[in-house]
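Shown next, in structure tokens, is the structure this report addresses.
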Amino acid sequence: MKKSKIYQIRNIGIIAHIDAGKTTVTERILYYTGKSYKMGEVHDGEAVMDWMPDEQERGITITSAVTTCQWKDNDIQLIDTPGHVDFTIEVERSLRVLDGAIGVFCAVGGVEPQSETVWRQADKYAVPKIAFVNKMDRIGADFFNTVDMIKTRLNARPLILQLPVGVEERFSGVIDLINDQEIYWDDDSLGAQYSHRPIPEDLQEIARKYRDKIVETLADFDDGIMEAYLSESPIGPDKLIESIRRATINLKLVPVLCGSALKNKGIQPLLDAIADFLPSPADVPAIKGVHPESGETVACEARETGPFTALIFKVAMMEGRKLSFVRVYSGKMKAGEEVYNPARKVKEKLSRILKMHANKKERIDEAGAGSIVGVVGLKDSSTGETLCSPDRLVLLEKIEFYEPVISMAVEPKTHSDQEKLKQVLEKFMAEDPTLIVKEDEDTGQTILSGMGELHLEIIISRMQREFNTSVNVGKPQVVYRESIAEEAEAGAVFDREVSGQKHFGEVLLRLTPLPRGTGNQFRSDVAADIIPDAYIPAIREGVLESFESGSLMGYPVTDVAATLTGGSFKESQGTLLAYKVSASMASKEALAKGQPYLLEPIMNVEIFVPEAFMGEVIGDLHARKGKIESINPKGGTQMIKAVVPLSNMFGYSTSLRSATQGRGVFTMHFSHFDR
């Protein structure tokens, strides 16, 4: 394997709404770069990147898969991410380690709800993007409408670099505005052969108009182009490419291309655009971390000669073994050497380093800055943790995870399943930080909490399929929260002898309701001569632990401020245990007095329905206590935006299908908790 210089690496992700064609685009990229010898189709369950049986059955991407391919001297490390909102964490952690992204949009649907979510995630990590308008061959395809939606919905500044030749079934190729030519594909070679020819006469005027627009737009950012534009000097393709690259990397513009991945058109120019416009690891600002002891900022320059720094962005169980996916930011790692995990303060051994191609692996001896590789041998380290060289410590920012909104009870079917269940769930939790497993003390059941019905359904299916563990499943339950309606005060004393030692602690607390979404707070208004400062952290811990299960139905308590208002202290008898327990007792009593009430998760729901079924769908939403926020016409269908309590949304997909003869679709994501 030839060593690629760091500026020839492109770490990119493919992001989009479910069904925009991300995996099909990825499959074509792998075929045209020579990485795979045949095209896998999602609808046949044969896509290389959708290698899990659940993905092949459902025709959706569940887990982000990593692969590497070569195009014109560039090493493209590619991550195909899921589009379904239940697997948002896969997109989040992939974007955290990528340098660029391709947003794939359906030319018929335009910018769909989940496209907005993933685009915002990319904005959060300041990832430069290219937009690819896919499915230009479909009935109802509208290139310019999609570009307008990118501008209005995503607040991006799209720069059209290609125009479609023909539309719907007449779509035959694209006009390359930078090089002033038409590109058309040979259908007999499955799109592998493509040619250039002059722009047809009937399209020359529109091509000139949009090429002028490219120059005008770039003149806003580039003085050289501005001078050439004002003096009417010719501007060559190389100068344009260089200028577009700078503007894209600086997040000023989003180059827009078009094609039809399923019909094998438009992929090679997209690969050129990845190489021309998206950054190498050396083109983006050095990632910054902190020194775990001194707290000072440490910049990790993207070069192989620097000290080693890497981030674990994903853990997967493959064939029963733990495989950690790692992005190397600086320095080099070699198979067999030891690295340090500053978060856990442990040394780890890199047994093997693997170059990944979906679920296939190739052993390599070392990986340098900019690489994305799999590592075997990390025992304690998990998602979001840093690996660094023991000589220069650095801690990179962790990845944020989402709160689960839905739970279901599972119980093993047989005695042998019972023994396996705990180990299997531990493996899933190591893989997926949005899956939370708890034991219900009252019923003895195991409760799984996740991001949605589909998320939990797939976990259950994988238990059976990959680990041969069968479970009975309870109906999905909503994860509620509790809060209080009014201020309440309570005190408690803990005065006992435990194994020969006296323990004493007295605490007075006041609990106050806070505005929705504030979270819980604690402060002390007590002087050190009443309760010494050393005991305040134990009191805080006791209060916050008591908030983990409320007095009404045992759900976590939120949006409550606890203030320590008084108490007492006895010399030689005051202990951390006593204050923690008395704080917990006082807090429980105050919660019960404060008129507790339940909060339920409210979901943002977007429903796309044909005009004819509007009445039925709206009636059904009202019956589910939904509040309709807006109705917008969108390409022959109506888009209804509503907020609905999650508890009323179970089984909604079935009733929406039957109400709309299978033509309605919806997406749903968590909005907030409310009474």
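Residue Ala335 comes nearest to Ser351 through the heavy atom pair CB-O, 4.2 Å, listed as atom of the first residue, atom of the second, then distance. The nearest pair of heavy atoms linking Gly384 to Leu311 is O-CD1, 3.8 Å. Across every non-hydrogen atom of Ile447 and Ala409, the tightest pair is CD1-CB, 3.9 Å. The minimum heavy-atom distance between Ile29 and Cys69, with the atom names listed, is CG2-SG, 4.0 Å. Looking at every heavy atom in both residues, Leu421 comes nearest to Pro412 through CD2-CD, 3.9 Å. Contact record, Ser324 with Ile312: CB-CG2, 4.1 Å, taken as the closest heavy-atom pair.
At least one side-chain heavy atom of Phe105 sits less than 4.5 Å from a side-chain heavy atom of Trp119. Side-chain contact check for Glu548 versus Pro556: every heavy-atom pair is 4.5 Å or farther apart. In this structure, Tyr480 and Leu599 have side chains that are not in contact, with every pair of non-hydrogen atoms separated by 4.5 Å or more. Side-chain contact check for Leu78 versus Ile14: some heavy-atom pair is nearer than 4.5 Å. No side-chain heavy atom of Lys288 sits less than 4.5 Å from a side-chain heavy atom of Val298. A 4.5 Å side-chain heavy-atom check between Tyr329 and Leu396 finds at least one atom pair inside the cut-off. Side-chain contact between Tyr340 and Leu387 is absent, with no heavy-atom pair separated by less than 4.5 Å. Side-chain atoms of Leu323 and Val375, non-hydrogen and from C-beta on, never get closer than 4.5 Å to each other.
We find the OG-CD1 distance between Ser371 and Ile9 to be 5.0 Å, quoted to the nearest 0.5 Å. Atom CG of Leu425 and atom CG of Leu435 lie 7.0 Å apart (nearest 0.5 Å). Atom CG of Leu278 sits about 3.5 Å away from atom CD1 of Ile130, to the nearest 0.5 Å. Of the inter-residue distances, the one linking Leu552 atom CG with Leu591 atom CG reads 10.5 Å to the nearest 0.5 angstrom. Taking CD1 from Ile12 and NZ from Lys129, the interatomic distance works out to 13.5 Å, rounded to the nearest 0.5 Å. Phe547 CZ to Ser483 OG: the interatomic distance, rounded to the nearest 0.5 Å, is 9.0 Å.
Under a 3.5 Å cut-off, the side chain of Arg153 and the backbone N or O of Val111 do form a donor-acceptor pair. Counting only distance, with no hydrogens or angles, the side chain of Glu482 and the backbone of Ser551 share a donor-acceptor pair below 3.5 Å. With Lys420 contributing its side chain and Asn468 its backbone, the two residues share a donor-acceptor pair below 3.5 Å. Asn520 places a side-chain N or O within 3.5 Å of a backbone atom of Val560 that can act as its donor or acceptor partner. Between the side chain of Lys625 and the backbone N or O of Ala623 there is no donor-acceptor pair closer than 3.5 Å. Between the Lys588 side chain and the Ser549 main chain, a donor and an acceptor come within less than 3.5 Å of each other. The backbone N or O of Lys379 lies less than 3.5 Å from a partner atom in the side chain of Glu348, making a donor-acceptor pair. Under a 3.5 Å cut-off, the side chain of Arg327 and the backbone N or O of Val97 do form a donor-acceptor pair. At distances below 3.5 Å, not a single donor-acceptor pair connects side-chain atoms of Arg481 with backbone N or O atoms of Thr558. Looking only at distances, no side-chain donor or acceptor of Arg352 sits under 3.5 Å from a matching main-chain atom of Val376.
Note that Arg516 lies outside the cation-pi zone of Phe673, set by a 6.0 Å cut-off to the ring centre and a 45° limit from the axis.
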Fill in: From CA spacing to verdict: side chain to side chain donor-acceptor pair (under 3.5 Å), Thr309, Ser330
CA-CA 5 Å; Thr309 314; Ser330 69; 3.3 Å; yes
Fill in: side-chain contact (heavy atoms from CB on, under 4.5 Å) between Ile640 and Ile628, worked out
CA-CA 7 Å; Ile640 306 169; Ile628 289 167; 4.1 Å; yes
Worksheet entry | Worked verdict on Ile602 versus Leu646 for side-chain contact (heavy atoms from CB on, under 4.5 Å) | CA-CA 6 Å; Ile602 306 293; Leu646 175 63; over 6 Å; no
Fill in: Trace of the salt bridge (charged side-chain N to carboxylate O under 4.0 Å, His left out) decision for Glu337 with Lys349
CA-CA 6 Å; Glu337 73 176 6; Lys349 188 166 183 188; over 6 Å; no
Worksheet item: Passes salt bridge (charged side-chain N to carboxylate O under 4.0 Å, His left out), Glu385 versus Arg344? Steps please.
Response: CA-CA 9 Å; Glu385 292 178 355; Arg344 296 187 186 254; 2.9 Å; yes
Item to complete: Take Val644 and Leu621 through the side-chain contact (heavy atoms from CB on, under 4.5 Å) test and state the conclusion after the steps.
Response: CA-CA 8 Å; Val644 192; Leu621 280 176; 4.0 Å; yes
Item to complete: Check the pair Phe308 / Met333 against side-chain contact (heavy atoms from CB on, under 4.5 Å), numbers first and verdict last.
Response: CA-CA 7 Å; Phe308 170 67; Met333 62 179 185; 3.6 Å; yes
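Salt bridge Glu545/Lys580: present, at least one basic N to carboxylate O contact under 4.0 Å. A salt bridge is absent between Lys347 and Asp380: the closest approach of a Lys/Arg side-chain nitrogen to an acidic carboxylate oxygen does not fall below 4.0 angstrom. Salt bridge status for Glu629 with Lys641: absent, with no side-chain N to carboxylate O gap under 4.0 Å.
In this model, no donor atom of one side chain and acceptor atom of the other lie less than 3.5 Å apart for Thr518 and Asp559. Asn11 and Gln77 share a donor-acceptor pair across their side chains, judged by distance under 3.5 Å alone. Remark: the Ser584 side chain and the Ser546 side chain contain no N/O donor-acceptor pair separated by less than 3.5 Å.
A 6.0 Å sphere centred on CZ of Arg540 holds no more than 12 heavy atoms belonging to other residues, nucleotides or ligands.
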